Engineer: 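So that we are looking at the same thing, I have put the structure below in structure tokens.
Keep in mind it's a predicted model, so treat the numbers as computed, not measured. Lettering of chains follows the sequences in order, A, B, ..., and the numbering in each one begins at 1.
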Amino acid sequence: MVTYAPSTLEKKWQQQWAKQQAEAGKASNGVEAVGNTVKNPYYVLEMMPYPSGRLHMGHARNYALGDLIARFKRKQGFDVLHPPSWDAFGLPAENAAIKHKVSPKVWTEKNIAAMRDQLKRLAISYDWDHEVSTCDVDYYAQQQKLFLALYEKGLVYQKESSVNWDPVEQTVLANEQVVDGKGWRSGAPVEKKKLKQWFFKISAYAEELLADLDGLTEWPEKVRTMQEKWIGKSTGALIQFPVVETDQSIEVYTTRPDTLFGGTFVGLSAEHPLAMEAAKNKADVADFIKKCAKQDTSQKTLDTMEKEGVDTGLRVINPFSKKEMPVYVVNYVLMDYGTGAVYGCPAHDERDYVFARKYDLAIQPVVSGPEGAAQELPYVGPGTLINSGFLDGLSVEEGIKTALVKLEDLGCGQAQTTYRLRDWGVSRQRYWGCPIPMVQCGACGVVPETRLPVQLPEDVVLEKAGNPLVDHPSWKHVTCPKCGGPAVRETDTLDTFVDSSWYFLRLVNPKAETPLDAAAIKNWLPVNQYIGGIEHAVMHLLYARFMTKALRDCGLIDLSEPFQKLMTQGMVCHETYRNSQGDWLSPEEIETVEGRVVEKATGQEVQVGSAEKMSKSKLNVVDPEGIINAYGADAARLFVLSDSPPDKDFDWTETGIHGAWKYLNRLWRMCLECGSVEVVNADTDKQQLSAIHETIRDVTRHFDQFHVNKGIARIRELTNQLSQNQPEISPETYRFGCEVALQLLFPMVPHMTSELWQRLGFDGELASVSWPVADETMIVKTSVCYAVQINGKVRAKIDVDPSLDQELLIAQVKDHEMVKKHLENKAIRKTIVVPNKVISFVV
RNA sequence: GCCCGCUUGGUGGAAUUGGUAGACACAAGGGACUUAAAAUCCCUCGGCCAUUGCGGCCGUGCCGGUUCGAGUCCGGCAGCGGGCACCA
């Protein structure tokens, strides 16, 4: 018999598919090339990857999953669009450019070429003629047009906003480039710097983004919850506190106006106008404000740092208690949120409590928890209001309503709905991104650049500090599109999240002259199945939803939600290795000798760490290349799909891939040797046929629900049964079983199943055979197993005829020896029958 | 710190709506075949006790609750992971 040789076999099929695509204008696996309008569209898309250089197993899993769906849906008769794309702008290219002295463009394009080859070796059935790379001018020129459309619509504006500034490198740092408050390369303490930056008005869509979450029924619940919390709708009150001895007031927003009687101080952001004013007269306030400027801008830092403040000397009047409250400048309130000021109620807020204890401020309890509940401060639970004048005795909820009415009566507060969601800052002071098509003209001010595209210059110096676009000798100097006078280009580029917030619209017709082909979009969108990492649950997915709605309101598309069904997959992990010096070792540098794991080079024992997310720093990355060479793409694909559910993390193990390899070999032999039949047992044959149809039904259902690992387990059960029953079933049934197994495995294992299909004598390709449909009438059950419980404990398992009626069933069960023994001398108080599952006696 | 998840044998994981915990695999151990190894095939495989066979007790991160019955529902706790607005 011919042995299974994946290397030659996979090459043969890949060449054949590539030839078909080239000759007949077909997609990579014998399917018609997709047009802009089709009858039965199905759009499957994986989140666009960053082209880091090499595919790793995490990518392989992502694409194998997408490809499974693409092939499965094609076989079910859909016209499938499955386009590849590259999220090609971004920081890593600039870092690589500095480190290796290559241009970001060359580095990125080389990476894309390498990864494209690897995807082809994995036989991912992409529509390569739809490929898009965000750093191609063809793509970002279209994005510039969209930017202008949003600008015209009033959804783009400029405002001052803080960035992390590295005073040594004279450059803006990303949050990940700030380590312990210092620049990662310079080590200099990071400062906050105010810059005028571009923003998208996502806050205008807060309500719609929130409301439409309800319609996303095919998204994971957890993703919808995370977005809901991120948008953070709250209803509360704006309260004006009059400042003593002035005609000014400080406005704060709170969701708890009911606790206003417990309010004992006001906290101002260091950037609040009144704080700035106070700094003029008080040196300690000025110093404190300076100190606040030296912290990075991340939320995590804000929440976890020591809460500090300085008394401004200002006093405000509490409108309810009429008491004077001190005003502090504090380091935990940001000017960008709300009004840049809060009032502190130490008795009922964790953060205010800590702050009040530290500065010895008054703590006034105003909520009493229910009887028996712990009353330790700060108390944040429900309860009854106390020490609160006209609010006394009310519940927290009633108190909020009553306090609001009173505030409005007093003329010092109003009800207000607010959102946590902030406008999307899209300015980046970096080279490797999409230029923002705006110019600054001395005469006309800010003017949209209509002479598109604004192309990135290639002759830039990246090693120098600062943004190369600012330092470029000529690039930024242009004429004003409006008056023709001298003007200066915007040197900020767009956040790469902008690139990925509309690519799914472009991909349906990436060569269109307008950014968006409305007809093609109408035909294909929404994306039927979107697949990507859970780490994108909020930001990318929210930006994409916003952009879709914004472009709709610009009149460019007729679509409100881009992704119908979302699948979030887990990470790929691998165990880690360290030698006695504590250096990380890669999986290739170690081997197992007599049960001990040792370093190949030295023979010394290696410390094996737990499986962690594959990362370059820990060297626990497995490149699919070696795996494909050793076992073939089919085995690699099968393994990454077979063991864990797609939405969970996945541990890569050497032994695991070996198991997939062994299974493919077994299947190969099974299909090629139909074997001799000794005695055909009609009953067994019938049961086997039933099992085949049951498998078709179950696998189809599992794949539909993305339970790929369960589907594969069912296929393995089928082939296990077939080979076990082979001596007793007819050759026709055996062969039918093998054919079904090949059809079901095709989406994961396309090369080998295609080859075997051909070797079984079929003329056409397996790729063009429809997905099998289970014949329910063939599924027969001859017996059903009941578990018998007595007082909740399983005491026996009994096989019975499924057609047996309940009375006879109970009688038969009671007659069972074990059951008799346990029921002896006991009165049955209750009998519960769960059809086809359990009979429970309570005695 | 805040938000969202996750936790089942030595390992990855199964277990429609609360109804037989451990499907399907991996690893390990034993056996067959072989001069030998690999490959292949067969058997065992949660723990403890009993063992001639039948069986019994415990067990789904920890503590408690609801129920005839809880991996699944509720309350509390711990550990791990993701996100936190300039990594993508």
Engineer: With side chains defined as the heavy atoms from C-beta onward, is the minimum distance between A/L744 and A/F703 less than 4.5 Å?
Structural biologist: no
Engineer: Tell me whether the rings of A/Y631 and A/W661 are parallel (<30°), tilted (30 to 60°) or perpendicular (>60°).
Structural biologist: perpendicular
Engineer: Report which part of the nucleic acid A/T304 touches: base, sugar-phosphate, or nothing (heavy-atom distance under 4.0 Å, all strands).
Structural biologist: base
Engineer: For A/N467, does its backbone N or O pair with a side-chain atom of A/R430 as donor and acceptor, under 3.5 Å?
Structural biologist: no
Engineer: If the C1' atom of B/rG13 is compared with that of B/rU17, how far apart are they to the nearest Å?
Structural biologist: 23 Å
Engineer: For the pair made of CG in A/L566 and P in B/rG5, what is the distance, rounded to whole Å?
Structural biologist: 15 Å
Engineer: Taking the same atom, P, in B/rG55 and in B/rG22, what whole-Å distance lies between them?
Structural biologist: 16 Å
Engineer: Does A/D352 reach the main-chain N or O of A/H348 with its side chain, forming a donor-acceptor pair under 3.5 Å?
Structural biologist: no
Engineer: Heavy atoms only, 4.0 Å cut-off, all strands: where does A/V834 land among base, sugar-phosphate and nothing?
Structural biologist: base
Engineer: Without swapping roles, check the side chain of A/Q177 against the backbone of A/A174 for a donor-acceptor pair under 3.5 Å.
Structural biologist: yes
Engineer: Write down the protein N/O and nucleotide N/O pairs, taken from nucleotides 69-75 of chain B, whose separation is under 3.5 Å; answer none if there are no such pairs.
Structural biologist:
none

Engineer: Mind checking the P distance from B/rA25 to B/rC45? Whole angstroms is fine.
Structural biologist: 16 Å
Engineer: Could you state the CD-C1' distance from A/Q569 to B/rG82, rounded to the nearest angstrom?
Structural biologist: 13 Å
Engineer: Please report the distance, rounded to the nearest Å, between NZ in A/K307 and C1' in B/rC2.
Structural biologist: 10 Å
Engineer: Quick one: stems involving RNA chain B, counted as three or more successive Watson-Crick or G-U pairs, both distances short of 3.5 Å.
Structural biologist: B:1-7 with B:78-84, B:10-12 with B:24-26, B:28-32 with B:40-44, B:46-49 with B:55-58, B:61-65 with B:73-77
Engineer: Is there a donor-acceptor contact under 3.5 Å from the side chain of A/N111 to the main chain of A/P51?
Structural biologist: yes
Engineer: Out of B/rC26, B/rU20, B/rC41, which has the shortest distance to the side chain of A/R666?
Structural biologist: B/rC41
Engineer: List the residues meeting side chain to side chain donor-acceptor pair (under 3.5 Å) with A/K222, not counting sequence neighbours, and say none if there are none.
Structural biologist: none
Engineer: Under a 3.5 Å distance rule, please check whether A/W668 uses its side chain to pair with a backbone N or O of A/V2 as donor and acceptor.
Structural biologist: yes
Engineer: When the distance from CG of A/L638 to C1' of B/rG12 is rounded to whole Å, what number comes out?
Structural biologist: 14 Å
Engineer: Before giving the answer on side-chain hydrogen bond (donor to acceptor under 3.5 Å, both in side chains), spell out for A/S186 and A/D166 the whole-Å C-alpha distance, their side-chain angles and the decisive distance to 0.1 Å.
Structural biologist: CA-CA 8 Å; A/S186 70; A/D166 186 320; 2.6 Å; yes
Engineer: Mind checking the C1' distance from B/rG47 to B/rA37? Whole angstroms is fine.
Structural biologist: 36 Å
Engineer: Does the pair A/W424 and A/Y543 meet the rule for a ring-ring contact (aromatic ring centres under 6.0 Å, His included), with working shown?
Structural biologist: CA-CA 8 Å; A/W424 176 11; A/Y543 291 149; 3.7 Å; yes
Engineer: Expressed in whole Å, how much space separates the C1' atoms belonging to B/rC33 and B/rC41?
Structural biologist: 8 Å
Engineer: Check the interface with nucleotides 85-88 of chain B: list each N/O to N/O pair with the protein under 3.5 Å, or write none.
Structural biologist:
from	atom 1	to	atom 2	distance (Å)
B/rA85	OP2	A/Q299	N	3.0
B/rA85	N7	A/R422	NH1	3.2
B/rA85	N6	A/R420	O	3.1
B/rA85	N1	A/R422	N	3.0
B/rC86	OP2	A/R428	NH2	2.8
B/rC86	O4'	A/R428	NE	3.2
B/rC86	O4'	A/R428	NH2	3.3
B/rC86	O3'	A/N175	N	3.3
B/rC86	O2'	A/N175	N	2.7
B/rC86	O2	A/R430	NH2	2.3
B/rC86	N4	A/Q197	OE1	3.0
B/rC86	N4	A/S427	O	3.4
B/rC86	N4	A/Q429	OE1	2.9
B/rC87	OP2	A/N175	N	3.2
B/rC87	OP2	A/E176	N	2.9
B/rC87	O4'	A/E176	OE1	3.2
B/rC87	O4'	A/E176	OE2	3.2
B/rA88	OP1	A/L91	N	3.2
B/rA88	O3'	A/D87	OD2	2.3

Engineer: Round to a whole Å and report the spacing from CD of A/E221 to P of B/rC6.
Structural biologist: 11 Å
Engineer: Regarding A/K222, tell me which of base, sugar-phosphate or nothing describes its non-hydrogen contacts under 4.0 Å with the strands shown.
Structural biologist: sugar-phosphate
Engineer: If the P atom of B/rU66 is compared with that of B/rG75, how far apart are they to the nearest Å?
Structural biologist: 15 Å
Engineer: Would you classify A/N720 as touching base, sugar-phosphate or nothing, given that sugar-phosphate means primed atoms plus P, OP1 and OP2, and contacts are heavy atoms under 4.0 Å?
Structural biologist: sugar-phosphate
Engineer: As a quick check of understanding, evaluate salt bridge (charged side-chain N to carboxylate O under 4.0 Å, His left out) for A/K233 and A/E228, giving each step before the final call.
Structural biologist: CA-CA 8 Å; A/K233 183 177 183 172; A/E228 185 189 326; over 6 Å; no
Engineer: Strictly distance-based, threshold 3.5 Å: is any side-chain N or O of A/K193 a donor or acceptor partner for the main-chain N or O of A/E191?
Structural biologist: no
Engineer: Measure from the side-chain N and O atoms of A/Y332 to the backbone N and O of A/L302, and report whether any donor-acceptor pair falls under 3.5 Å.
Structural biologist: no
Engineer: Verify, without hydrogens or angle tests, whether A/D495 (side chain) and A/V498 (backbone) share a donor-acceptor contact under 3.5 angstrom.
Structural biologist: no
Engineer: Which value, in whole Å, describes the distance between the P atoms of nucleotides B/rG12 and B/rG61?
Structural biologist: 13 Å
Engineer: Are any side-chain N or O atoms of A/E94 and backbone N or O atoms of A/L91, one a donor and one an acceptor, separated by less than 3.5 Å?
Structural biologist: no
Engineer: Take atom C1' in B/rC26 and the same atom in B/rU44, then report the distance between them in whole Å.
Structural biologist: 16 Å
Engineer: Nearest-nucleotide wise, let me know which of A/V223 and A/R714 is further upstream toward the 5' end of RNA chain B.
Structural biologist: A/V223
Engineer: Evaluate the criterion ring-ring contact (aromatic ring centres under 6.0 Å, His included) for residue pair A/Y139 and A/W502; output intermediate values, then yes/no.
Structural biologist: CA-CA 11 Å; A/Y139 184 82; A/W502 70 285; 4.6 Å; yes
Engineer: State the syn/anti category of B/rG9 according to its glycosidic angle, syn meaning within 90° of 0.
Structural biologist: syn
Engineer: Can you check the A/L334 CG to B/rC84 P distance for me, whole Å?
Structural biologist: 16 Å
Engineer: For nucleotides 13-18 of chain B, read 5' to 3', which letter fits each nucleotide if B means a protein heavy atom sits under 4.0 Å from the base, S means only the sugar-phosphate is that close, and - means neither?
Structural biologist: SSS---
Engineer: Mind calculating the distance between CG (A/L641) and P (B/rA25) to the nearest angstrom?
Structural biologist: 17 Å
Engineer: Within a 6.0 Å radius of atom NZ on A/K300, are there more than 12 heavy atoms belonging to other residues, nucleotides or ligands?
Structural biologist: no
Engineer: One character per nucleotide, please: for nucleotides 46-60 of chain B, 5' to 3', B when the base has a protein heavy atom closer than 4.0 Å, S when only the sugar-phosphate does, - otherwise.
Structural biologist: ---------SSSS--
Engineer: For A/Q724 and B/rC41, give me the distance from atom CD to atom P, rounded to whole Å.
Structural biologist: 11 Å
Engineer: Is atom NZ of A/K192 surrounded by more than 12 heavy atoms (other residues, nucleotides or ligands) closer than 6.0 Å?
Structural biologist: yes
